[in-house]
Amino acid sequence: MEQLTSKIMGTGSALPERVLKNIEIEKLVDTSDAWIQERTGIVERRIAKEKESTAELAAIAGKKALEDAKIPAENLDFILLATFTPSSFMPNDACLVQTALGASKAVCFDINAACSGFLFALQMAHAYICSGMARYILVIGAENISKVIDWNDRGTCILFGDGAGAVVLGVSDSCSHGILDFESGSDGSHGKVLSLDGYSESSHTKFLRMDGQEVFKFAVRKVPEMILALTKRNHLLLEEIDYYLLHQANKRILSSVAKRLSLSLDKFPMNLNYYGNTSAASIPILLDECHRSGIFLEGQKLILSGFGGGLTWGSCLLSW
Ligand code: ACO
């Protein structure tokens with residue numbers, strides 16, 4: 001019997017309307033538009049309204065992905081929602097999305113692995129499909145990071161934004177077309193470099209805290225390692241990968257990864273200049289924009305790579 005694999009059948013995304021430009025942040029902390037652009041590549045980001053929730057953005061992105069896939073919500077077996085900024089812990093945001101979409105048959109839960117969350121959710125959805133336990137799964141990455149930002153901390157408030165991205169994963173008709181492999185891991189011993197203690201019983205610091213330089217060093221080491229492991233295991237040359245869709249944290253991280261792998265930065269699509277770092281949402285938003293712009297051709301090879309708090313990291317090799 002031929003082994004089952006999964007494939008992305010449709011994509012969607014949702015971004016808040018409110019645009020926050022670097023020059024507006026100049027009024028909040030001691031920084032400048034020029035510094036932010038030079039050190040991060042970010043020009044502006046989207047900020048959700050006070051009452052615009054993670055689950056609402058996730059539901060809009062999910063609906064668009066279902067429309068793109070031409071799959072009715074009732075056909076969904078699971079909704080997996082990656083976020084570290086849920087609207088509520090109970091009910092979970094995936095259940096809120098279920099109600100909004102009318103996906104009555106779906107099993108729904110959230111996954112928290114910060115900026116690797118979407119990749120971990122995708123890996124889990126792939127495993128469900130390959131095991132025959134599911135046919136259609138909505139995988140969402142959604143964040144409302146502006147709500148946990150300390151707007152007095154110039155080391156973090158310049159970086160993040162809000163948004164949601166989603167894919168519908170379904171059974172592929174061929175094992176060489178669709179999701180081919182994953183490489184992922186975690187290292188809890190370095191958890192302190194990116195933290196949000198606000199919701200824990202022991203602490204009431206409700207802001208995201210980060211050691212930017214440590215995260216930077218971790219990312220430029222770990223992402224090339226994952227990419228090399230995936231390509232080697234699948235007997236592919238780095239040049240045979242058409243696009244590398246990396247978590248949109250910082251343009252300098254993407255440039256360093258491209259340089260370490262001796263690849264042109266043209267293979268690394270980017271939208272962080274408009275949206276900043278939207279954590280679990282960044283890869284599915286980018287995937288949706290690339291797909292809708294028509295740059296992906298059938299059979300092209302893509303690698304998606306996420307990295308972040310935990311520490312966590314995850315990459316996926318797929319044939320479009
Ligand atoms: N504006 C102006 N100056 C600043 C700012 C700012 N916003 N932030 C820091 N500086 C200053 C520092 O105080 C320092 O000044 P000093 O030399 O007088 O001490 C100087 O700029 C250089 O500081 P660095 O920390 O070395 O700046 P760096 O070039 O590393 O850039 C940044 C900082 C942008 C945070 C970078 O380290 C980074 O992007 N790291 C990765 C962060 C990341 O990707 N995090 C998300 C992970 S995803 C997740 O899971 C949530």
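These numbers come from the heavy atoms of this one structure, side chains and all, not from hydrogens, waters or symmetry mates. Ligands are counted one by one from 1 in listed order, and the atoms in each one are counted from 1 as well.
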* A249: numbered ligand 1 atoms lying under 4.0 Å from its heavy atoms -> 44 (O)
* Any Lys/Arg nitrogen of E183 or R233 sitting under 4.0 Å from an Asp/Glu carboxylate oxygen of the other? -> yes
* Asked: Any idea which atoms of ligand 1 are less than 4.0 Å away from a heavy-atom of F216?
  -> 38 (C), 40 (N), 41 (C)
* Taking 4.0 angstrom as the limit, do K64 and E67 come out as a salt bridge? -> no
* Asked: Are there protein heavy-atom neighbours of atom 48 (S) of ligand 1 below 4.0 Å?
  -> yes
* Could you walk me through whether E289 and Y274 pass the side-chain hydrogen bond (donor to acceptor under 3.5 Å, both in side chains) test, one step at a time? => CA-CA 12 Å; E289 290 195 340; Y274 299 120; over 6 Å; no
* **Close aromatic pair by centroid cut-off 6.0 Å: F218 and H190** => no
* Asked: Has ligand 1 got any nitrogen or oxygen that is less than 3.5 angstrom from a nitrogen or oxygen of G309?
  -> yes
* Asked: Is the closest protein non-hydrogen atom to atom 16 (P) of ligand 1 under 4.0 Å?
  -> no
* 4.0 Å protein heavy-atom contact status of atom 11 (C) of ligand 1, strictly under -> yes
* Looking at D30, which atoms of ligand 1 are within less than 4.0 Å of one of its heavy atoms? -> 1 (N), 2 (C)
* Asked: With atoms numbered from 1 as shown, which atoms in ligand 1 lie under 4.0 angstrom from a non-hydrogen atom of V215?
  -> 43 (C), 44 (O), 45 (N), 47 (C)
* **Top protein contact for atom 14 (C) of ligand 1, by heavy-atom distance** => R154 NH2, 4.8 Å
* What's the shortest distance from atom 1 (N) of ligand 1 to any protein heavy atom, and which residue and atom give it? -> T31 OG1, 2.6 Å
* Asked: Of the listed options (G155, G212, A113, G117), which comes nearest to atom 37 (O) of ligand 1 when hydrogens are ignored and any heavy atom counts?
  -> G212
* Asked: Could R209 and D153 be called an ion pair, given the rule that one side-chain N must be under 4.0 Å from one carboxylate O?
  -> yes
* So which protein heavy atom does atom 33 (C) of ligand 1 come closest to, and at what separation? -> W35 CH2, 4.0 Å
* Look only at the side chain of E143 and the backbone of T85, and say whether a donor-acceptor pair between them is shorter than 3.5 Å. => yes
* To do: Flag S279 as yes when one of its N or O atoms lies below 3.5 Å from any N or O atom of ligand 1, and as no otherwise.
  => no
* Measure N277 to ligand 1 on non-hydrogen atoms and call it side chain, backbone, both or neither using the 4.0 Å cut-off. => side chain
* Asked: Among protein heavy atoms, which sits nearest to atom 34 (C) of ligand 1, and what does the distance come to when rounded to 0.1 Å?
  -> T40 CG2, 3.7 Å
* Structure fact -> Heavy-atom proximity to atom 22 (C) of ligand 1, picking from R39, E26, E214, E38, points to R39
* Asked: Testing V168, V167, T11 for side-chain contact (heavy atoms from CB on, under 4.5 Å) with D68, which one passes?
  -> T11
* Which residue and non-hydrogen atom of the protein lie closest to atom 31 (O) of ligand 1, and at what distance in Å? -> R252 NH2, 3.5 Å
* Structure fact -> In this structure, atom 51 (C) of ligand 1 is nearest to the protein heavy atom C115 SG, 3.2 Å
* What atoms of ligand 1 come closer than 4.0 angstrom to any heavy atom of I158? -> 7 (N)
* **H247: numbered ligand 1 atoms lying under 4.0 Å from its heavy atoms** => 48 (S)
* Nearest-contact summary for atom 42 (C) of ligand 1 - protein heavy atom, Å -> M210 SD, 3.6 Å
* Closest candidate by heavy atom, reference atom 38 (C) of ligand 1, pool D153, L194, N250 -> N250
* **Ion pair E225/K222, N-O distance below 4.0 Å** => yes
* So does F296 have more than 12 non-hydrogen atoms from other groups sitting under 6.0 Å from CZ? -> yes
* To do: Tell me, yes or no, whether the heavy-atom count around R252 atom CZ, taken from other residues, nucleotides or ligands under 6.0 Å, exceeds 12.
  => yes
* Asked: Counting N and O atoms only, with roles assigned by atom type, does the side chain of R46 sit under 3.5 Å from a partner on the main chain of A14, one being a donor and the other an acceptor?
  -> no
* Structure fact -> min-distance protein heavy atom vs atom 26 (O) of ligand 1 -> Q213 NE2, 2.5 Å
* Tell me, yes or no, whether the heavy-atom count around K63 atom NZ, taken from other residues, nucleotides or ligands under 6.0 Å, exceeds 12. => no
* To do: Considering the heavy atoms of A114, write down every atom of ligand 1 situated less than 4.0 Å from one of them.
  => 50 (O)
